[in-house]
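To start, the structure itself, in structure tokens.
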Amino acid sequence: MSEELSNRYDPKEIEQRLYRFWEEGRYFTPSTETERPKFSIVIPPPNVTGRLHIGHALVNTLQDILVRWKRMSGFNTLWLPGTDHAGIATQMVVERELAKHGIVRREMGRDAFVERVWAWKEEHKGYIGDQLKRLGVSCDWTRERFTLDEGLSRAVRHVFVTLYQDGLIYRDLAMVNWCPQCLTAISDVEVEHRDTSGKLYEIDYPLVGSDRRLTVATTRPETMLGDTALAVHPEDQRYRDLIGGEVIVPIAERHVPIVGDALLVDREFGTGVVKVTPSHDRSDYAAGQRNNLPQLQVLDEAGLMNAAAGEEFAGMDRFEARKRVVEILSQRGLLRSVKEHSHSVAYHGKCDTIVEPMISRQWFVRVAPLAGPAIEAVRNGDITIIPKSWEATYFNWMENIYDWTISRQLWWGHRIPAFHCANGHTVVSETDPSVCPECGTAEISQETDVLDTWFSSALWPFSTMGWPDETPDFKTFYPTDTLITGFDIIFFWVARMIMMGLRFTGKVPFRQVFLNGLVRDEQGQKMSKSKGNVIDPLDVIDEYGADAVRFTLAILASGRDIPLARNRMQGYAAFANKVWNASRFALTHIDSTLKSAGPIDQDQLKIVERWILSRVNATTLEVNKALSSFRFDEASNALYQFFWHEFCDWYLEMVKPVLFGRHGDEATQRSTRRVLLEILDRSLRLLHPFMPFITEEIWQKLGGVEPSITIAPYPVTQQGIDDPDAEKMISTVQAMITAIRNVRAERGFTPKDRFTLHIAAPNQREAQFFLSYAYLLTDLARLDAVAVNEPAPPGAHHDVVNGYEISIVFPEKTITPEQRERIERELEKSRRELDSIIARLGNGQFLENAPPAVVEGNRARQTELIARIEKLQKNQP
RNA sequence: GCGGGGUUAGCUCAGCGGUAGAGCAUCUGCUUUACACGCAGGAAGUCGGGGGUUCGAAUCCCUCACCCCGCACCA
């Protein structure tokens, strides 16, 4: 065969060329008309205007391994790619961009702004796709979707209207999480609680008609301007008699009642007196409702104090107001104390702003009725969550679920299909009404709010397939089989897809969920731009090649944290180079292509061939098994071990004597070459899901039947190929070679020094074996002769290997003290092991209770150790 | 407070009832005609502490310590 491969693997040269080849061949586009079983997954859609980070690289590598494996295993495989519109994030980016040019969103108007965002999206939409292609993912790009596509938007609208009609969507005035920076409501799961060190202020409130003062503890003194009561515990002896009385709210100088509320007040905390601000605190809001307290809003939607806060404060920022309030209280002697206080503060993760509880009119999904079936689906096994420990988290959240705030005060997104008329009617409809169906007025306009992006993501597994239409794709590929995503979006996305899928299609959206870990840096730190420890997938792909990056991610993929270090990638780039060079070597010795090679002639097989076929079969079993259970680490590790440490280190070395004509007749050579082709072919196919580029590049040179390795059959274990005898004998040969190499290093000989090996074979058959395969020992251990059942001359080095006595004859050489020490250590180790085995075998309980195989194993080991120690002792001069 | 995960070689992790493993790093030799991103050999761990179950425990149970992650609470 032609030999023009470079002696160094250069990923840059081949990766992008091969990706084009795959796309042009449409290998990743499945059929909707086939009898073959299907396998389908949908991508967790990244933000359309975003950039791929290393976490995306991980989740997409794992999906691609799974998908390529299934495709090669004969499934009609669909991996549907796409992106979401990421409402807040995208709007924020475009606003910031406009701000550079001094343009303000509200001044340009809704339509113009939305148009501008679409333009931005068009500009950036290709970026994520290109990055994914660099990674080598086998998505079907002909089916790419975007959450704001017409079809998906229709699904969103249909779901909204249906849920509304079913009474599961409602609009209400309620306290929600408000982001004063983004000027929108957000849902509970978008709030990040962070432990923050703040201050606890104790403030005196004068009692009306008395000299007494009540001391109240608060972390947010500025909200006192909106206090409408103080609350004490109704059974608190200290304050019980004050209930029904009034206090003066300092600064505001307003009279408010003292109420008793057992739910709000914890007698143990602080002073046992709580200020109640129903408009600006979640639990105060509830307390206000229980006690019929008025609401007094003193903060506006931007987090500034409003007119109700008083003339001095109007327009002042909430944190500025806090300082000012404390100052005034202090001047008036009403500030009792200020203590350091650590407590949890709610932040909006997207913009790092402290969230403000705010009463506003929003749209909600009543989640509890949806949660029931979703809980049941996991409980009864219709959906399996892997690793299983995540089920507890899922149940815990689902069983204590709150209604979901789905409206956002944004412009970028699915506009809520509700219409308000001039007479106060609201209609929710799949088509835009021109007049109000209630009163007939034409003065009707659409709701200005848009939906939470996750509302559309929740429909992703079926909206992308054409639902609500019964399209061929929907019928063929829904439900999907597996979802792979990060555990951090189990509530945002996974749970909601299950709820929506069950509600609207009557089926689970996927049967298995694999939750992958979080990529961290080598110290286990979360990657973040501010720490400067982020790894850009494109950077490392450029540096090490996509295959090396993928292999690294796969082999590290177990566990909840995935510490990623560049030197690991360097290690697997070396592995890619190893694959390249081993293949390069093999290719120069393969004399036919897969198409013309014909079947392997079983009768011609020599022990080396029988052994490597047995080993590749064992590896095949292990890899398929590991992939079935999402053990990407085990699968890739098995492949690494096999390819490097069996195929390269031993097999290729063992066939060299034949390939170079030092041993064997022509028939043996032919057979050896045929099997070499076979093993290389199988290895490449086994490796392909993990390292798609390099394996395709090499496999093309083997001349397979299929036009691309992407659709070549994935190896499965074969009957009658396992060969324990061959494995045992080859492992003995390996052990002997290792023993000789050991002595060589131990005694300070060089590779040029030649030894003679004497082997004691217990019977004729084995004697014949060692004579037939003496060439392996000679070649790999650099011997000048192998003698079977001939007495070794005096002074030879004796050992026992896999039960066979061997003697190594080498030139006279003095032993250095270091060498003697090493020999002594080795002997001592064997003695210690023997002692513990003797103790075990001397224990009647052990003999009685341990399984016979274990007892037998110990006996055999005892016999070997005794023989070995005896021989090693003889070596002592 | 509720729930989950972790503590094994210098580093990062696998193993989860029968003789302590891998990768990387490290040390020693080596231009062996595929590869120095290589070859060969080596050193390195009372498997977080304590107790228990068992013939036998990194592995199962109890307990303590420390670390991480959710959720809830936090005047």
Side-chain angles (χ1 to χ4, degrees), chain A residues 3 5 7-9 193 195 200-203 216-220 223 230-231 264-266 269-277 281 283-284 341-345 387 389-393 395-397 400 487-488 490-491 518 522-524 544 548 552 555-556 558-565 567-568 570-589 631 633-634 637 640-641 648-649 652-653 656 660 738 741-742 744-746 748-752 779-780 782 822 825 833 836-837 840 843-851 853-855 857-858 861 865:
Chain A
E3 170 49 43
L5 300 176
N7 72 345
R8 233 167 190 227
Y9 173 55
H193 295 275
D195 283 333
L200 188 66
Y201 304 86
E202 289 195 341
I203 301 163
V216 159
T218 181
T219 54
R220 298 196 60 188
T223 63
L230 290 194
L264 182 66
V265 184
D266 170 3
F269 190 93
T271 58
V273 185
V274 183
K275 60 190 269 316
V276 187
T277 322
D281 181 278
S283 35
D284 289 7
H341 181 63
S342 170
H343 61 138
S344 165
V345 175
S389 52
W390 285 107
E391 283 184 6
T393 304
F395 290 135
N396 193 313
W397 189 72
N400 301 290
F487 65 76
D488 50 328
I490 184 167
F491 306 140
L518 194 71
E522 56 220 280
Q523 269 88 42
Y544 305 107
T552 309
I555 209 162
L556 292 175
S558 68
R560 183 178 172 132
D561 295 326
I562 297 167
L564 189 63
N567 69 354
R568 284 305 286 259
Q570 206 165 354
Y572 297 113
F575 180 55
N577 191 54
K578 191 75 181 172
V579 171
W580 182 257
N581 276 293
S583 304
R584 199 159 65 89
F585 169 77
L587 282 165
T588 60
H589 294 283
R631 289 303 303 260
D633 58 328
E634 279 179 8
N637 199 43
Y640 183 96
Q641 291 302 328
C648 291
D649 287 353
L652 288 183
E653 296 307 319
K656 276 179 182 173
F660 289 142
T738 302
R741 286 172 175 168
N742 221 308
R744 210 180 269 283
E746 206 166 67
F749 287 103
T750 74
K752 289 191 185 79
D779 231 82
L780 273 73
R782 296 176 163 269
R822 189 168 147 187
R825 256 206 315 270
E833 196 190 335
S836 81
I837 287 181
R840 202 170 302 150
N843 182 343
Q845 300 265 36
F846 173 71
L847 297 176
E848 231 170 274
N849 294 315
V854 172
V855 176
N858 275 276
R861 185 72 182 146
L865 281 170

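Just so it is clear, the model here is predicted, and its values are computed rather than measured. In the text below, chain A, chain B and the rest are named by the order of the sequence lines, each starting its count at 1.
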Strictly below 4.0 Å: does S283(A) bring a side-chain N or O up to OP1 or OP2 of C74(B)? yes
Write out a two-atom table: protein N or O, nucleotide N or O from nucleotides 15-19 of chain B, distance below 3.5 Å.
from   : atom 1 : to      : atom 2 : distance (Å)
G15(B) : OP1    : R631(A) : NH1    : 3.1
G15(B) : OP1    : R631(A) : NH2    : 3.4
U19(B) : O2     : E833(A) : OE2    : 2.1
U19(B) : N3     : E833(A) : OE2    : 3.3
U19(B) : N3     : R861(A) : NE     : 3.3

Looking across every strand, which nucleic acid part, if any, lies under 4.0 Å from E653(A) by heavy atom: base, sugar-phosphate, or nothing? base
How is Y572(A) classified with respect to the nucleic acid when contacts are heavy atoms under 4.0 Å: base, sugar-phosphate, or nothing? sugar-phosphate
Using a cut-off of strictly less than 4.0 Å, decide whether K656(A) has a side-chain nitrogen or oxygen near OP1 or OP2 of U33(B). no
Enumerate the protein-to-nucleotides 24-27 of chain B contacts in which both atoms are nitrogen or oxygen and the separation is below 3.5 Å.
from   : atom 1 : to      : atom 2 : distance (Å)
C24(B) : O2'    : N567(A) : ND2    : 2.8

Rounded distance (Å) that lies between atom C1' of A72(B) and atom CH2 of W397(A): 14 Å
Taking the C1' atom of each, how far is C69(B) from G10(B), in whole Å? 27 Å
Could you go through R861(A) and N858(A), starting from their C-alpha distance and side-chain angles, then the distance that decides it, and tell me whether this counts as side-chain hydrogen bond (donor to acceptor under 3.5 Å, both in side chains)? CA-CA 5 Å; R861(A) 185 72 182 146; N858(A) 275 276; over 6 Å; no
Using a 4.0 Å heavy-atom cut-off across all strands, classify T738(A) as base, sugar-phosphate, or nothing. sugar-phosphate
Once you apply a heavy-atom cut-off of 4.0 Å, does S344(A) come out as touching a base, just sugar-phosphate, or nothing? base
Aromatic rings F660(A) and H589(A): how do their planes relate, parallel, tilted or perpendicular, breaks at 30° and 60°? perpendicular
For U19(B) versus U59(B), give the span between their C1' atoms, rounded off to a whole number of Å. 15 Å
Ignoring backbone atoms, establish whether K578(A) has a side-chain N or O less than 4.0 Å from OP1 or OP2 of C39(B). yes
Spacing of the P atoms in C73(B) and C67(B) (rounded, Å): 25 Å
Taking U53(B) as the reference, what is the distance to A57(B) when you measure between their P atoms (whole Å, please)? 11 Å
Whole-Å P distance, G15(B) and A22(B): 15 Å
Determine the contact category for E848(A): base if any of its heavy atoms lies under 4.0 Å from a base atom, sugar-phosphate if only primed atoms, P, OP1 or OP2 are that close, otherwise nothing. nothing
Reckon L200(A) touches a base, only the sugar-phosphate, or nothing at all at heavy-atom distances under 4.0 Å? sugar-phosphate
Which whole-number value in Å describes the distance from H343(A) NE2 to C73(B) C1'? 13 Å
